[in-house]
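Each remark here refers to the structure printed beneath this line.
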2 protein chains.
Amino acid sequence: MPQDESATRIQIRNRALILDAALDAFSAEGFTGATLDGIAGAAGLSKPNLLYYFKSKEAIYRALLDHLLETWLDPLRAIDPEGEPLEEMLGYVRRKLALARDFPRESRLFAGEILRGAPVMGDALSGQLRALVDEHSAVIRGWMEAGRLAPSDPHHLIFSVWALTQHYADFETQVQAVLGARRDPWAEAERHLETHFRRVLTA
Amino acid sequence: MPQDESATRIQIRNRALILDAALDAFSAEGFTGATLDGIAGAAGLSKPNLLYYFKSKEAIYRALLDHLLETWLDPLRAIDPEGEPLEEMLGYVRRKLALARDFPRESRLFAGEILRGAPVMGDALSGQLRALVDEHSAVIRGWMEAGRLAPSDPHHLIFSVWALTQHYADFETQVQAVLGARRDPWAEAERHLETHFRRVLTA
DNA sequence: GTAGCGTCTGACCGGACGGTCAAATCCTGC
DNA sequence: GCAGGATTTGACCGTCCGGTCAGACGCTAC
């Protein structure tokens, strides 16, 4: 069993290969739909060799989610309480949309986990995530009470940012089907969300 | 094999039992995660008996999706081109949110299907759905050009209605975890989306 | 070069799952 | 009440899948 502290070059490379192949599989087919054989094959390893690096299918899944939550919360953390409210919020929307555009597999992995009732991430949601959202909701509420943003429920405002940005990654198939091949959903989404939230936040 | 045209009372009852149990299973665990044994058990039938009514697991899944698409598009169809634009759009938001609130299993089933790339509904999306959306986008664009709604891209406006309403059903676990047990997400969502879209549509 | 650890593999296991089948039982129309 | 189709069941099959294991191979430090 490879140790975490002193990782070999081979360990680093193969762990990365496995996680990348697993992200493909889990995001496209879900936890139960993905198979160890498929992941191993895509990573160029044999199944027993894969299980030499991760002790079970669930261990791979957990490793992905652990790594995911951190980067997923960064855009929210980057909001500056001292900044100009409207620009801070629009910047948050832009960062979140860019994350969805650049990491659609991660977005879909997360969506699948929540859809299934968050059997693995449940604790992180009601702990870490909730605390962070509460914290920033307070900042936003402060801005609203100071008359620097149009008033609304900060929690639901944050939900709306999540919903609107992740929609383009999670439901990409539907967006593509409805818009047709000729259009560029991400560029249009960026423009649309810009005007959309500008209105919501400055009414 | 039971005929579709002349359905027995028993057929009607058992088909309904099966579809209800299957909706539970598929929406909670996904297509691959759900099992025929589990569905049969929840429906109070044996597995071979279940397969007497539906010839395969996929046949049940398809039956659910077929029935789903119809009711799912109703709120959009109910938009009246002759009505008052703002009220028509807000009514659409309210109907869509009510649907998500009253039929969260259906919403999650649909979300799971799209997340996995719409292997079954793909054709319906680029056919029926796209046509309907194009049609109503034209109506909305007409309202905007007449100055009766704030201008934006009608397609993305519709996407935003979908994203914001279905978010509360599909990501209910996350919403609950972040808001805590004391609050009523659906009531809050209704108020929030009302003011949210009022601003977006009348800026 | 060889000891020893890290890496990799083929063969295998046990269980779960989708689906089949022949036969039993039930129900309905006459 | 009975013929015949509708319904139900238990037993079974083949496959897939997650996981194990004993051993082979390879690399590196001495």
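The sequence lines fix the lettering, A, B, ..., with proteins before strands; numbering per chain opens at 1.
To the nearest angstrom, C1' of dT8(D) lies 12 Å from CD1 of I18(B). Following rounding to the nearest Å, I12(B) (CD1) and dT7(D) (P) show an atom-to-atom distance of 10 Å. For L45(A) and dG10(C), the CG to C1' distance is 16 Å, given to the nearest whole Å. Protein atom OH of Y61(B) is 17 Å distant from nucleotide atom C1' of dG18(C), rounded to whole Å. Here the P atom of nucleotide dT20(D) and the NZ atom of K57(A) are 14 Å apart, to the nearest Å.
Take D74(A) and apply the salt bridge (charged side-chain N to carboxylate O under 4.0 Å, His left out) test, not counting sequence neighbours, and it matches R77(A). In this view, A22(B) and F26(B), I39(B), I60(B), L64(B) satisfy the side-chain contact (heavy atoms from CB on, under 4.5 Å) rule, not counting sequence neighbours. Residues forming a salt bridge (charged side-chain N to carboxylate O under 4.0 Å, His left out) with E188(A) (at least two apart in sequence, or on another chain): R183(A). For P85(A), the side-chain contact (heavy atoms from CB on, under 4.5 Å) partners are W143(A), R148(A), L149(A), not counting sequence neighbours. Under the side-chain contact (heavy atoms from CB on, under 4.5 Å) criterion, D80(A) pairs with E82(A), E88(A), sequence neighbours left out. For E172(B), the salt bridge (charged side-chain N to carboxylate O under 4.0 Å, His left out) partners are R108(B), not counting sequence neighbours.
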Check residues 111-125 of chain B and write down every donor-acceptor pair under 3.5 Å in which the side-chain atom is one partner and the other belongs to a residue at least two apart or another chain.
{"unit_1": "E113(B)", "atom_1": "OE1", "unit_2": "Y61(B)", "atom_2": "OH", "d": "2.6"}
{"unit_1": "E113(B)", "atom_1": "OE2", "unit_2": "V120(B)", "atom_2": "N", "d": "2.8"}
{"unit_1": "E113(B)", "atom_1": "OE2", "unit_2": "M121(B)", "atom_2": "N", "d": "2.7"}
{"unit_1": "R116(B)", "atom_1": "NH1", "unit_2": "S27(A)", "atom_2": "O", "d": "3.2"}

Going by atom type alone, with no hydrogens or angles, which donor-acceptor pairs under 3.5 Å involve a side-chain atom of residues 127-135 of chain A and a protein atom two or more places apart or on another chain?
{"unit_1": "Q128(A)", "atom_1": "NE2", "unit_2": "E70(A)", "atom_2": "OE2", "d": "3.2"}
{"unit_1": "R130(A)", "atom_1": "NE", "unit_2": "V178(B)", "atom_2": "O", "d": "3.3"}
{"unit_1": "D134(A)", "atom_1": "OD1", "unit_2": "H155(A)", "atom_2": "NE2", "d": "2.8"}

Counting only pairs under 3.5 Å, give me each side-chain donor-acceptor contact of residues 193-203 of chain A, with atom names and distances, residues two or more places apart or in other chains.
{"unit_1": "E194(A)", "atom_1": "OE1", "unit_2": "R94(A)", "atom_2": "NH1", "d": "3.0"}
{"unit_1": "E194(A)", "atom_1": "OE2", "unit_2": "R198(A)", "atom_2": "NE", "d": "3.4"}
{"unit_1": "E194(A)", "atom_1": "OE2", "unit_2": "R198(A)", "atom_2": "NH2", "d": "2.6"}
{"unit_1": "T195(A)", "atom_1": "OG1", "unit_2": "H192(A)", "atom_2": "O", "d": "3.0"}
{"unit_1": "H196(A)", "atom_1": "NE2", "unit_2": "H196(B)", "atom_2": "NE2", "d": "2.8"}
{"unit_1": "R199(A)", "atom_1": "NH1", "unit_2": "P151(B)", "atom_2": "O", "d": "3.3"}
{"unit_1": "R199(A)", "atom_1": "NH1", "unit_2": "V200(B)", "atom_2": "O", "d": "2.8"}
{"unit_1": "R199(A)", "atom_1": "NH2", "unit_2": "P151(B)", "atom_2": "O", "d": "2.5"}
{"unit_1": "T202(A)", "atom_1": "OG1", "unit_2": "R198(A)", "atom_2": "O", "d": "2.5"}

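Nearest to the side-chain atoms of N49(B) among the listed nucleotides dT9(D), dG6(C), dA6(D) stands dT9(D). Distance from the side chain of L51(B) is smallest to dG19(C) among dG19(C), dA6(D), dT7(C). Nearest nucleotide to the K47(B) side chain, out of dG6(C), dG18(D), dG19(C): dG19(C).
OP1 or OP2 of dT8(D) has not a single side-chain nitrogen or oxygen of Y52(B) nearer than 4.0 Å. In this structure, Q11(B) reaches the dT7(D) phosphate: one of its side-chain N or O atoms is under 4.0 Å from OP1 or OP2. In this model, the phosphate group of dT9(C) is approached by a side-chain N or O of S46(A) to a distance below 4.0 Å at OP1 or OP2. Contact annotation: N14(B) side-chain N/O to dT8(D) OP1/OP2 distance is under 4.0 Å. In this structure, Y53(A) reaches the dC8(C) phosphate: one of its side-chain N or O atoms is under 4.0 Å from OP1 or OP2.
If you take OH on Y53(A) and CZ on R13(A), they are separated by 7.5 Å, rounding to the nearest 0.5 Å. Annotation: the span from D170(B) atom CG to H167(B) atom NE2 amounts to 9.0 Å, rounded to 0.5 Å.
Listed by residue number, there are no residues of residues 25-42 of chain A with a heavy-atom contact under 4.0 Å to DNA chain C.
Recorded end-axis angle for the helix from dG1(C)-dC30(D) to dC30(C)-dG1(D) stands at 10°, based on five pairs per end and rounded to 10 degrees.
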*Sugar-phosphate means primed atoms, P, OP1 and OP2; the rest is base. With that split, encode nucleotides 21-30 of chain C 5' to 3' as B, S or - using protein heavy atoms under 4.0 Å.*
B------S--
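Geometrically, R15(B) engages F54(B) in a cation-pi contact, judged by NZ or CZ lying under 6.0 Å from the ring centre and within 45° of the ring axis.
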